[in-house]
Amino acid sequence: GWLVAGLAVLGIGLGVFTPANNSMIMTAIPRRAAGTGGGLVNMTRALGTALGVALVTLALHITESSDLAIGLLLVGAVGMVLSVVAGRKHG
């Protein structure tokens with residue numbers, strides 16, 4: 001049950017964050033470089049997806065319990081969110 005709730009929160013978070021993030025990036029890029037900027041946004045998204053799949057696979061492989069793997073991944077995700085928030089405060 002808690003896994004479904006966690007995945008739902010993650011999905012909602014990504015659904016809210018991704019369009020706003022893409023819009024912010026594309027409006028910051030000069031019009032003459034919009035094609036390059038869009039390509040970089042898509043490449044970054046693909047690399048992030050590949051890295052995410054690799055990290056989940058690694059976490060599931062090195063731990064004996066899927067609960068422990070999910071906990072490790074959750075701690076990592078919270079750490080990333082906190083680093084983004086801290087970066088925004090200083091930027």
Side-chain angles (χ1 to χ4, degrees):
W2 65 271
L3 179 60
V4 172
L7 289 173
V9 169
L10 236 132
I12 291 169
L14 282 172
V16 170
F17 171 79
T18 302
N21 184 53
N22 289 347
S23 177
M24 183 181 72
I25 291 169
M26 293 307 293
T27 56
I29 297 172
R31 285 192 183 266
R32 68 183 187 288
T36 303
L40 287 171
V41 167
N42 287 329
M43 181 190 70
T44 304
R45 185 181 311 120
L47 287 173
T49 300
L51 180 61
V53 169
L55 288 174
V56 168
T57 303
L58 178 65
L60 290 171
H61 180 73
I62 64 173
T63 60
E64 297 194 18
S65 164
S66 61
D67 289 339
L68 178 61
I70 292 168
L72 289 172
L73 293 168
L74 184 59
V75 168
V78 169
M80 286 184 246
V81 168
L82 291 176
S83 71
V84 169
V85 170
R88 290 191 69 158
K89 287 182 181 177
H90 296 292

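Each residue takes its place number in the sequence, starting with 1.
Within the hydrophobic cluster formed by Ile, Leu, Val, Met, Phe, Trp and Tyr side chains joined at under 4.5 Å, directly or through other members, Val41 is accompanied by Ile25, Met26, Ile29. Summarising the hydrophobic clusters (Ile, Leu, Val, Met, Phe, Trp, Tyr; side-chain heavy atoms under 4.5 Å, direct or chained), the residues clustered with Val4 are none. If you chain together ILVMFWY residues whose side-chain heavy atoms come under 4.5 Å of each other, Val75 ends up in a group of its own. Clustering of Ile, Leu, Val, Met, Phe, Trp and Tyr side chains at separations under 4.5 Å leaves Met24 isolated, with no partner residue.
Remark: Met43 engages Leu40, Leu47 in a side chain to side chain contact (heavy atoms under 4.5 Å, CB included) (not counting sequence neighbours). Among residues two or more places apart in sequence or in another chain, the side chain to side chain contact (heavy atoms under 4.5 Å, CB included) test is passed with Leu55 by Leu51.
Within the structure, side chain to side chain donor-acceptor pair (under 3.5 Å) contacts touching residues 27-43 (residues at least two apart or in different chains) are Asn42-Arg45.
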